[in-house]
Trainee: 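Before we start, here is the structure in question, set down as structure tokens.
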Number of protein chains: 2
Amino acid sequence: MVRVGDVFRALADPTRRLILDELTLRDGQTLFEICSRLIAHGNTSTRQAISQHLAVLEEAGLVVSHRSGRTKIHHLNTQPLRSITERWPVTD
Amino acid sequence: MVRVGDVFRALADPTRRLILDELTLRDGQTLFEICSRLIAHGNTSTRQAISQHLAVLEEAGLVVSHRSGRTKIHHLNTQPLRSITERWPVTD
DNA sequence: ACAATAGGCAAGTGACTACTTGCATGTCAA
DNA sequence: TTGACATGCAAGTAGTCACTTGCCTATTGT
């Protein structure tokens, strides 16, 4: 069960938004891939920090993961974002 | 200039989301009206707390306000929410 | 088996955040 | 003008959060 508060709290951090951007560019990355590519783009986060960020994103339902051997594959899930526009409809 | 981080941080707090809900029900309320109606709905926040929440919402661009005599009228602005679905498009 | 790889767990720290408390400012009605 | 009303400001506090640090587990290749 995903709470809406978790979604917003997860999105409130700039590094977590960068992770979502990275998964938007290439879905299904491992922790090490995400680390490498974030650092390559100037982010200074360590593996442990990014691992904790991914846990927050998973709790919010924005990222789903499954283990494959000794690696863990992360997938983006934009479904929880739907609740945002449903709650406060954007007026055109 | 509204930063996307401010929007998510503002939405991360449950009381602030209740304030947005309240303004969705009836737009253009004063601080005292918002306080009264939130408390009537079981929220235990004080006036000062809600005032600070409104300041955060204004900084995020989600609420715009103008003074009228000794009262301050608050209006909802859902425009910043658009950036959410623009950044991570919701797949149907 | 053994070393390297990919990731996990948990305690500690500094910064930030929500909330309170107390007082000050500005406005309206009598 | 004087008091009541609506709101603002600013310092202090308790709790949360992001990040580090150090060690541990599990899997793969040789």
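Lettering follows sequence order; numbering is per chain, from 1.
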Trainee: For the aromatic rings, using the six-membered ring if either is Trp, is the centroid distance between B:His66 and B:His75 under 6.0 Å?
Mentor: yes
Trainee: Among A:Arg16, A:Arg17, A:Arg37, find the one that has a salt bridge (Lys or Arg N to Asp or Glu O under 4.0 Å) with A:Glu22.
Mentor: A:Arg37
Trainee: If I take atom CD in residue A:Gln29 and atom C1' in nucleotide C:dA6, what distance separates them, rounded to the nearest angstrom?
Mentor: 15 Å
Trainee: Measure the distance from CG on A:Leu54 to C1' on C:dG7 and round it to the nearest whole Å.
Mentor: 11 Å
Trainee: Quick one: does A:Asn77's side chain have a donor or acceptor within less than 3.5 Å of a partner on A:Leu62's backbone?
Mentor: no
Trainee: Determine: side-chain N/O of B:Ser51 to OP1/OP2 of D:dG8, distance under 4.0 Å, yes or no.
Mentor: yes
Trainee: Do the side chain of B:Asp27 and the main chain of B:Leu76 share a donor and acceptor less than 3.5 angstrom apart?
Mentor: yes
Trainee: Do the side chain of B:Thr30 and the main chain of B:Glu33 share a donor and acceptor less than 3.5 angstrom apart?
Mentor: yes
Trainee: Could you state the atom-to-atom distance from NE2 of B:His66 to P of C:dT27 in whole Å?
Mentor: 16 Å
Trainee: Is the distance from OP1 or OP2 of C:dG8 to the nearest side-chain N or O of A:Lys72 less than 4.0 Å?
Mentor: yes
Trainee: Can you tell me how far C1' of D:dG8 sits from NE2 of B:His74, to the nearest Å?
Mentor: 12 Å
Trainee: Please report, rounded to the nearest Å, how far the P atom of C:dG26 is from the CG atom of B:Leu31.
Mentor: 18 Å
Trainee: Provide, to the nearest angstrom, the distance between the CG atom belonging to B:Leu18 and the P atom belonging to C:dA18.
Mentor: 14 Å
Trainee: Would one find a side-chain N or O of A:Thr71 under 4.0 angstrom from OP1 or OP2 of C:dA6?
Mentor: no
Trainee: How long is the line joining CD1 of B:Ile50 and C1' of D:dG8, in whole Å?
Mentor: 15 Å
Trainee: Checking B:Asn43 side chain against B:Thr15 main chain: does a donor-acceptor pair fall under 3.5 Å?
Mentor: no
Trainee: Nearest whole Å is fine: how far is C:dA6 C1' from A:Ile34 CD1?
Mentor: 13 Å
Trainee: Can you check each nucleotide of nucleotides 15-30 of chain D against protein heavy atoms at under 4.0 Å and return B for base, S for sugar-phosphate only, - for none, in 5' to 3' order?
Mentor: --SSBBB-----BS--
Trainee: If we only count heavy atoms from C-beta on, is the A:Thr24 to A:Thr78 side-chain gap below 4.5 Å?
Mentor: no
